[in-house]
Every structure is written in C-alpha cells, then in structure tokens.
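In listed order, ligands and their atoms are each counted from 1. Because only heavy atoms are used, hydrogens play no part in the values below, and waters and symmetry mates are left out as well, while side chains stay in. This is a predicted model, so every value here is computed, not measured.
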Amino acid sequence: MQNEIGKTKEHIRQIIKLSKARISDEQRKTESDDIMRQLEKLDCFKKAHTILLYHSLPDEVDTTGMIKRWNKTKQIILPVVSGNDLILRRYSPEHLSTGVFGIREPDTNNEQIDLSEVDLAIIPGIAFDSKGNRLGRGKGYYDRLLQEKNRTTTIGICFRLQLIESIPANTFDQPMNKIATADKIYHCDKT
Ligand SMILES: Nc1nc2c(c(=O)[nH]1)N(C=O)[C@@H](CNc1ccc(C(=O)N[C@@H](CCC(=O)O)C(=O)O)cc1)CN2
Ligand SMILES: Nc1ncnc2c1ncn2[C@@H]1O[C@H](COP(=O)(O)OP(=O)(O)OP(=O)(O)O)[C@@H](O)[C@H]1O
C-alpha cells in the first residue's frame with residue numbers, strides 16, 4: 001500500500017505529465033538549448049572530464065544535441081537499465097541499442113564505468129524543487145545508483161514548468177546538488 005508521500009508523488013507525476021504534454025516542439029527545443037547554455041557556464045561543467053548524461057525520451061529535456069556536441073571534448077557516459085539497477089557505459093554513436101523502456105543505451109561493446117569515475121551527472125526527472133529534491137518516474141533507479149556516497153556532482157535538468165514549490169522526500173531519495181532550468185541554476189547545496 002502507498003503511504004502519504006507515495007500518493008503525493010503520484011499526484012504530482014500526473015499533473016506534470018498533463019502540463020508537459022502542452023509544451024510545443026519549438027519550446028522544447030528552445031528551452032533545451034537554453035538549459036545547455038546554462039550548464040556550459042558552470043565551473044563544475046568546464047572542469048568535468050567524465051559526464052553522465054541520459055538519452056532523452058520525447059517528453060524530456062532534449063539531450064541529443066548535448067551528447068553529440070560534448071562527445072568531442074568530454075567522455076560521455078549513459079545509463080543502461082539492467083533489472084532493478086542502472087549500469088553505466090561509455091557512449092559511442094555507432095554502438096547503441098534500444099533498452100526496455102525504449103531508451104537508446106550503449107551496448108556491451110562499450111566499456112562499463114563505475115560511478116566513482118563520473119565527475120558530473122546530469123539527471124532527468126518528472127519534477128524538481130529549488131531545494132534539490134527530485135521526483136523521478138517512480139522506479140527508484142537513480143536513487144539506487146546515487147545511494148553510495150560519492151564525489152560526483154549531480155545536476156537535475158528540467159523545463160520551467162517542472163520546477164515546483166515542494167516535493168516530499170523519503171529517506172532513500174537522493175537530492176541533487178544543483179538544478180538547471182532555461183533561466184537559472186539553483187545551487188541547492190550552496191557550493
Ligand atoms: N531518458 C531517460 N533515461 C533514463 C531514465 C529516464 O527517466 N529518462 N531513467 C530514470 O530512472 C532510467 C530508466 N528508468 C525508467 C523508468 C521508467 C520509465 C517509463 O517509461 N515509465 C513509464 C511507465 C512504464 C511502466 O510502468 O512500465 C512512464 O513513466 O510513463 C522509463 C525509464 C535510466 N534512463
Ligand atoms: N536505495 C534504495 N534501495 C531500495 N529501494 C529503493 C531505493 N531507493 C528507492 N527505492 C524504491 O524505489 C521506489 C520508487 O521510488 P521513487 O518513487 O522515489 O522513485 P523515483 O526517484 O521517482 O524514480 P527514478 O529514480 O526511477 O526516476 C520506491 O518504492 C522505493 O522503495
């Protein structure tokens with residue numbers, strides 16, 4: 001049975017899904033480009049050699065441009081769904097396959113990487129708040145990935161309408177260090 005926090009999270013997911021469906025293709029592209037520019041201004045981005053990204057689904061901040069562009073100068077890593085866990089593999093454009101949720105993922109030709117090797121992790125979500133709380137798709141993949149203490153800086157990226165007043169958090173929810181929207185970076189951990 002779901003507790004109060006679980007019910008509130010499910011309610012927020014439904015509301016945000018409805019409002020995200022109203023984002024036009026053009027707005028999605030413009031906001032995604034603006035988010036990329038905000039990220040590129042950050043010191044932690046400039047310094048990062050190894051960056052965990054995600055291959056976007058149609059209703060998410062579009063990362064396809066970022067992956068291709070940054071692949072020239074940085075080591076890009078993408079998540080691969082493996083049962084209840086995410087494993088991390090290097091991205092290469094010629095070795096991708098479609099995973100269980102229809103997401104493009106690196107195939108087994110690509111070297112597996114440990115989270116401790118990742119300098120910066122750019123993380124999708126259904127909603128975020130300015131304190132760094134994140135609401136995902138409800139399967140806990142990123143919470144399990146990020147649960148072991150590590151040095152990786154985490155940045156949640158989202159459209160403006162996905163940044164909401166407050167998201168209830170359980171003890172297993174992993175807060176982000178920063179949130180990037182098209183207009184602003186929120187430094188949630190004050191670093
Ligand atoms: N682009 C992208 N890659 C990602 C994630 C993500 O949210 N976005 N993940 C983030 O964890 C991980 C994969 N986890 C996922 C979990 C659920 C669904 C999904 O489509 N859920 C459906 C419900 C499907 C079902 O219940 O079977 C949905 O949200 O409508 C997708 C990815 C790793 N890679
Ligand atoms: N560290 C963990 N160990 C075991 N189970 C966990 C852990 N973190 C989360 N979970 C489980 O995952 C489920 C989903 O959690 P939650 O609703 O917070 O997911 P989410 O962060 O929205 O999803 P995602 O990370 O996949 O995008 C919960 O039922 C929770 O019990």
Side-chain angles (χ1 to χ4, degrees), residues 1-21 23 28-29 31-32 35-36 39 51-68 70-71 76-91 93 96-108 110 112-115 118 120-129 131-150 152 154-159 162-164 166-177 179-180 188:
M1 215 188 75
Q2 259 192 333
N3 59 17
E4 277 310 309
I5 290 184
K7 282 185 201 154
T8 310
K9 285 182 169 182
E10 208 35 59
H11 183 63
I12 298 171
R13 279 190 194 98
Q14 284 173 11
I15 291 172
I16 300 285
K17 268 187 187 167
L18 289 174
S19 46
K20 265 206 300 186
I23 302 179
R28 179 168 174 265
K29 189 175 181 320
E31 277 203 48
S32 300
I35 291 166
M36 176 158 79
L39 286 173
I51 300 183
L52 172 65
L53 260 160
Y54 63 92
H55 210 293
S56 48
L57 289 164
D59 66 343
E60 295 179 321
V61 174
D62 189 341
T63 55
T64 47
M66 307 186 204
I67 292 171
K68 290 199 185 105
W70 296 338
N71 190 42
I76 300 299
I77 311 297
L78 295 178
V80 178
V81 174
S82 171
N84 285 329
D85 293 310
L86 293 181
I87 55 174
L88 309 181
R89 288 190 190 277
R90 280 184 196 212
Y91 162 79
L96 287 175
S97 62
T98 302
V100 275
F101 294 108
I103 299 168
R104 301 289 281 162
E105 298 175 340
D107 66 23
T108 49
N110 301 280
Q112 190 173 337
I113 296 285
D114 193 83
L115 182 66
V118 174
L120 183 66
I122 294 171
I123 296 179
I126 301 289
F128 294 92
D129 69 23
K131 290 195 286 298
N133 293 313
R134 165 181 178 273
L135 179 70
R137 290 181 183 266
K139 297 226 166 28
Y141 280 111
Y142 278 101
D143 294 325
R144 281 188 294 273
L145 176 72
L146 300 170
Q147 71 183 341
E148 51 190 279
K149 265 262 155 277
N150 58 77
T152 310
T154 52
I155 307 185
I157 62 174
C158 64
F159 298 117
Q162 292 176 279
L163 189 79
I164 64 170
S166 175
I167 292 175
N170 287 116
T171 45
F172 55 73
D173 284 320
Q174 299 295 322
M176 302 291 108
N177 296 128
I179 308 291
C188 312

Using a 3.5 Å cut-off on N or O atoms only, is G138 in polar contact with ligand 2?
yes

Would you say L135 has any N or O atom under 3.5 Å from an N or O of ligand 2, going by distance alone?
no

Counting non-hydrogen protein atoms only, what is the nearest one to [atom]? Give residue, atom name and distance.
atom: atom 7 (O) of ligand 1; result: R137 NE, 3.3 Å
atom: atom 26 (O) of ligand 1; result: K139 NZ, 3.0 Å
atom: atom 13 (C) of ligand 1; result: V81 CG2, 3.6 Å
atom: atom 10 (C) of ligand 1; result: Y142 CE1, 3.3 Å
atom: atom 21 (O) of ligand 2; result: D143 OD2, 2.9 Å
atom: atom 33 (C) of ligand 1; result: L86 CD2, 3.5 Å
atom: atom 24 (P) of ligand 2; result: G140 N, 3.4 Å
atom: atom 30 (C) of ligand 2; result: F172 CZ, 3.4 Å
atom: atom 6 (C) of ligand 1; result: E60 OE2, 3.6 Å
atom: atom 22 (O) of ligand 2; result: G136 N, 2.7 Å
atom: atom 4 (C) of ligand 1; result: I103 CD1, 3.5 Å

So is R134 touching ligand 2 or not, going by heavy atoms under 4.0 Å?
yes

Less than 4.5 Å apart, side chain to side chain, heavy atoms only: is that true for [X] and [Y]?
X: L39; Y: M36; answer: no
X: Y91; Y: L53; answer: no
X: I113; Y: R90; answer: yes

How long is the gap from [atom1] on [X] to [atom2] on [Y], to the nearest 0.5 Å?
X: M176; Y: I122; atom1: CE; atom2: CD1; result: 12.0 Å
X: M66; Y: S56; atom1: CE; atom2: OG; result: 8.0 Å
X: T63; Y: K68; atom1: OG1; atom2: NZ; result: 9.5 Å

By number and element, which atoms of ligand 2 are closer than 4.0 Å to a non-hydrogen atom of [X]?
X: D173; answer: 18 (O)
X: Q147; answer: 1 (N), 2 (C)
X: Y142; answer: 25 (O)
X: R13; answer: 17 (O), 22 (O)
X: R144; answer: 1 (N), 2 (C), 3 (N), 5 (N), 6 (C), 7 (C), 10 (N), 11 (C), 12 (O)
X: R137; answer: 22 (O), 23 (O), 24 (P), 27 (O)

Below 4.0 Å from any atom of ligand 1, is there a heavy atom belonging to G136?
no

Does ligand 1 have an atom under 4.0 Å from some heavy atom of K17?
yes

Ignoring angles and geometry beyond distance, decide whether Y141 reaches within less than 3.5 Å of ligand 1 through its nitrogen or oxygen atoms.
no

Examine S56 against ligand 1 and note whether any of their N/O atoms are separated by less than 3.5 Å.
no

Polar side-chain atom of N150 near backbone of E148 as donor-acceptor pair, under 3.5 Å
yes

Judged by atom type as modelled, is there a donor-acceptor pair below 3.5 Å linking the side chain of S97 to the main-chain atoms of D107?
no

Under 4.0 Å between a side-chain nitrogen and a carboxylate oxygen: does that hold for E10 and K7?
no

Taking D59 first and then R137, would you say they form a salt bridge - that is, a charged N and a carboxylate O separated by under 4.0 Å?
yes

Which atoms form the tightest heavy-atom contact between [X] and [Y], and what is the distance?
X: K9; Y: P168; value: CE-O, 3.5 Å
X: F159; Y: E31; value: CA-OE1, 3.3 Å
X: P93; Y: N71; value: CD-ND2, 4.1 Å
X: I123; Y: F128; value: O-CZ, 3.7 Å
X: R13; Y: G136; value: NE-O, 2.7 Å

Give the atom numbers and elements of ligand 1 that come within less than 4.0 Å of a heavy atom of [X].
X: P124; result: 6 (C), 7 (O), 8 (N)
X: Y54; result: 1 (N), 2 (C)
X: H55; result: 1 (N), 2 (C)

Does the structure place the NZ or CZ of R144 under 6.0 Å from the centre of the six-membered ring of Y141, at an angle of no more than 45° from the ring's axis?
yes

Measuring to protein heavy atoms, does anything land under 4.0 Å from atom 22 (C) of ligand 1?
no

Any protein heavy atom under 4.0 Å from atom 17 (O) of ligand 2?
yes

Are R104 and T98 close enough, and set up right, to give a side-chain contact (heavy atoms from CB on, under 4.5 Å), and what steps lead you there?
CA-CA 5 Å; R104 301 289 281 162; T98 302; 3.0 Å; yes

